[in-house]
Amino acid sequence: MKKNNQLRIEKKWQSEWKKKGVYSAKDTVAGKKNFYHLVMFPYPSGNLHIGHWYNFAPADVYARYIKARGYNVLSPIGFDAFGLPAENAAIKRGIHPRVWTYQNIRTMVTQLERMGNIYDWSRMLITADPEYYRWTQWMFLELFRRGLAYRKKAAANWCPSCHTVLANEQVVDGRCERCGSEVVQKEIEQWLLKITDYADRLISDLDMVDWPEKTKIMQRNWIGKSEGAVIQFSISNFQFPIKVFTTRADTLFGCTYLVLAPEHAFVQELKESIRNWNEVEAYLVQTRKKSDLQRTDLAKEKTGVLLQGIEATNPATGKKIPIFVADYVLTGYGTGAIMAVPAHDERDFEFAKKFHMPIVSVITSHKNPNEFYGGEGTLINSGKFTGMSSEQARTAITHFVGGKQQTQYRLRDWLVSRQRYWGAPIPLVFCAACKTHIENPKPKTQSSKLYSKGELLNPGWIAVNEKDLPVTLPNVKNYLPTEEGKSPLAHAQSFVNTTCPRCGGKAVRETDTMDTFMCSSWYFLRYTDPHNNKTFADKKKMKSWLPVSMYIGGAEHSVMHLLYARFLTKALYDAKHLSFKEPFARLRHQGIILGPDGQKMSKSRGNVVDPDNLVNEFGADVVRLYLCFMGPYEQGGAWQPGGIMGVERFLKRVEAFIIQKPARSKLKTPLVVKQTYYQTVKKVGDDINQLSFNTAVSALMICLRSFEEASYVEPELRAGFVQLLAPFAPHLAQELWSGALGCKGYISNEPWPAVRKQYLQNSQVSIVCQINGKKRAVIEVPAGSDKETVLTLARTNEGFQKYLLDQEVIRIIFVPDKILNLIIKPR
RNA sequence: GCUCAGGUGGCGGAAUUGGUAUACGCGCACGACUCAAAAUCGUGUGGGGUCUCCCAUGAGGGUUCAAGUCCCUCCCUGAGCACCA
């Protein structure tokens, strides 16, 4: 009966809030600062799971608190609707991705509404809507125009199950992030975005934002900046030198051989001079067969082949050194070639031992010849550089051999094209006439004026005119991915054939779609002005809200989404579309909720907790409160099925206490109760501000207990308590506010209760009395009592004084309001 | 292997940054109400003992009047990265 009542209350207020638009955000409110509170928008997977609740419900507690602190809060929600996960799920069920996605969105909106969050539903966006992806395409074109998008044929990560290429970030342990299939390398033409141009700024601007240090570290590691030098080694009978990248130019005198990656162009170019070509070729074939997973398996022994017939010269020593090809050298990093210094590098050491290469030690600290020494030190065996420190020698030797300082990044450009149906089409066409025109410009025409930077960079690829956006995703019947590495759109003739926006001739459309991370890289901009059809968002509106004040979402996005969004923001900043360099001023991650068995929730394990059932049984307020109370928000943990009863009891006690009419007597609220209340006001606020929801709830429980035991609690305090509860249990709080408390309006519009400083300190405090550091008594004294007073009281305390008989006090430690410690020894 | 979090009762977890370890909640036990049960309320609940005490915050050392908190050595769990020269 009671539970039905709670559900009734929730429904009632939710429909009233919706009807009256209580939570719709105005772009400016006089006298209030704007606060943009954002959660990472979900993709339409089907149903809200408990993880969504854990992300969104406590985040809403924070948003409601910020609102109560006098901010004008924007808290939007939407759907990351394009992309592989939704498409794969739809295909599995034999449903069209569009049907599947929009059906899921309807379900999830209903579920989200039951959470009772302060979302401004009028701003809801769906990235698969043409009104939205029109601007995603515009974003792509903006990057294209600025020369930040380019087409390239190269080996890419190919998921044989999803039939598409993947970005580096989407390959986890050599497997597809989405379906878990082993990723293979495939030569294919694709579009990339020059995120590497921003590598340095993506590192340095991390200093501007309030993010978890862990996330910053992960981004720095992913970008992987390292400073070193490129050094050239000349080769016998070959005009070009081999260039290597090294961070340890100081060890050049210890370099006893070179290694080329199997894909290094020189291997083929030197074919004529290589005497054992058959052996080398066999090795190349063998390497190509290996998957990335096999190639990067650290446990395996190093392999490689000596290139017979050619030699390199160590530019420092002048000595001839052999050259190997080996797959422990990666083609995509640095120059694809290394100088091997076995004495001071673990991998080279391992390889040298296997292939009996000389190991020359050039750092003094290298003591044990059976091991490598990877550290720095003073140089030996290094000609005129002997005696120098590693640090000095790095520059000196680089200079001596004519090397060049260089900074390398591990970050690769962002591969954005997908050979899949369910995404925003890349708004480009290919025009053969324009290609010829660009590649063979007639002397008098100024093709640079006719074509944008992106078009000159990618001859033949022409941007669709802005007025013709969006390039609508056709509603084709055949949306299944194809084996041959082409998007299913390639078969839609009416889509493919078009005219060139520049020359008006025949042209064909790009049929790849964009990585869904492109859609999610800018959605937070759109929320500030979601219905604008002139531009992606009005500058004034963006200025009033952005950058995002608080962004809450899963840590799994630490490198993908968060890096891409930062990149796009910087590119748009450079293009003067934005006035800020970093999109998310403050970022926090919620933890992960595991199943009751402590394992990751999954249908196959049968340990999935369904929030719908919980809400039906307990109501949203109880679920919200329990998610807050479970444990530290940023830590997460296993779902404890029993504990939810505790918060349910608490809410019932709150209701019972508030509903019960206070005695009409002239009684005063006891001082200790007032003190507890005001301390609770402060603590709950401070705790929510730090996302320490569990301790905030605990404080509310303590406060209620104190109220229940009091002879009288004045109305102001009773109402104040309900206000403290309101962010956690907004429906019950509103019901009590309008009902039993007889207050007007919406409790969510009320300011946070005031703190009265005079009550923050208890008037009586407990002082622990210790003898030699051991607790022997606890005495109650007025707050602020001085040492003499406390000492006198302690000496008269029966349990305490007996320890002082026949003892000499040699030291007294006194911390006001905390502790008294007497150090004694026998007299 | 490297980096970052963590390790506190039967369980989830607190601990104002060096000052009463185990707040709050779950569970459990006993009691009240009830014919009875559920619900609710009350009391108790780290371990031990010779019951004016001793021992306990992953293990072991150290600093300090005082250590969950600081330092050193090690063990375990989780997350991320991983042949990046």
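In what follows, chains are A, B, ... by sequence order, proteins preceding strands, each numbered from 1. Since we're looking at a predicted model, the values are computed, not measured.
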Anything under 3.5 Å between a protein N or O and an N or O of nucleotides 39-46 of chain B, put it in a table, one pair a line.
| residue | atom | partner | partner atom | Å |
| --- | --- | --- | --- | --- |
| B:U40 | OP1 | A:R649 | NE | 3.4 |
| B:G42 | OP1 | A:R705 | NH1 | 3.3 |

Counterpart residues, side chain to side chain contact (heavy atoms under 4.5 Å, CB included), relative to [X] (two or more places apart):
| X | result |
| --- | --- |
| A:Q758 | A:R756 |
| A:T395 | A:Q405 |
| A:I217 | A:E213, A:R220, A:N221 |
| A:A352 | A:Y257, A:P342, A:M357, A:I359 |

Pairs under 3.5 angstrom, nitrogen or oxygen only, protein versus nucleotides 64-66 of chain B, please.
| residue | atom | partner | partner atom | Å |
| --- | --- | --- | --- | --- |
| B:C65 | OP1 | A:R811 | NH1 | 3.0 |
| B:C65 | O2' | A:N821 | ND2 | 3.3 |
| B:C65 | O2 | A:N821 | ND2 | 2.5 |

Can you tell which of [options] lies closest to the side chain of [X]?
| X | options | result |
| --- | --- | --- |
| A:F245 | B:A85, B:G12, B:C83 | B:A85 |
| A:S698 | B:C83, B:C81, B:A23 | B:A23 |
| A:K774 | B:C55, B:A14, B:C81 | B:C55 |

Tell me every residue that passes side chain to side chain donor-acceptor pair (under 3.5 Å) with [X], counting only those two or more places apart in sequence or in another chain.
| X | value |
| --- | --- |
| A:E780 | A:S766 |
| A:D207 | none |
| A:D345 | A:R347 |

Pairs touching residues 589-602 of chain A that satisfy salt bridge (charged side-chain N to carboxylate O under 4.0 Å, His left out), sequence neighbours left out: none

Pairing residues for A:K354 by the salt bridge (charged side-chain N to carboxylate O under 4.0 Å, His left out) criterion, not counting sequence neighbours: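 If we apply the salt bridge (charged side-chain N to carboxylate O under 4.0 Å, His left out) test to A:K354, skipping adjacent residues, the hits are A:E301.
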
Anything under 3.5 Å between a protein N or O and an N or O of nucleotides 6-8 of chain B, put it in a table, one pair a line.
none

A:H344 and A:Y373 aromatic ring geometry - parallel, tilted or perpendicular at 30°/60° bounds: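 Taking A:H344 first and then A:Y373, their aromatic rings stand perpendicular (interplane angle over 60°).
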
